[in-house]
Amino acid sequence: MGLGGEKITPEQNIYGAITERAPLHIWDNPINGMYIVPTNKDLAATEREIMQDMTVDNRMRLKLVLDDVLD
């Protein structure tokens with residue numbers, strides 16, 4: 001979306017958070033009351049990748065990431 005000039009690593013997005021590679025990055029300034037979380041094309045490969053890791057309930061990964069932010 002071209003928001004802000006912030007430099008984030010490619011893994012500081014939903015993909016990085018779900019695969020536990022980096023903390024979730026949320027834009028500091030909400031747009032119309034919504035906070036924006038970046039993502040990229042790597043998100044498409046997430047399901048296949050996380051299905052191989054059975055240490056966490058895969059249905060709960062996004063919830064666990066978002067719970068950390070909401071606390």
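Throughout, residue positions are numbered sequentially from 1 according to the sequence presented. Keep in mind that the numbers below use all heavy atoms, side chains included, and drop hydrogens, waters and symmetry copies.
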*Between Ile18 and Arg61, which heavy-atom pair has the shortest distance, and what is it?*
O-NH1, 3.0 Å

*Of all residues at least two apart in sequence or in a different chain, which pass the side-chain contact (heavy atoms from CB on, under 4.5 Å) check with Met60?*
Asp57, Lys63, Leu64

*How long is the span from the CG atom in Asn13 to the CZ atom in Arg21, to the nearest 0.5 Å?*
10.5 Å

*Looking only at heavy atoms, what is the nearest atom pair of Leu24 and Leu66, with distance?*
CD2-CD2, 4.0 Å

_If I compare all heavy atoms of Pro30 with all of Gly33, which pair ends up nearest, and what's the gap?_
CB-C, 4.1 Å

*Drop me the distance from Leu62's CG to Asp67's CG, to the nearest 0.5 angstrom.*
9.5 Å

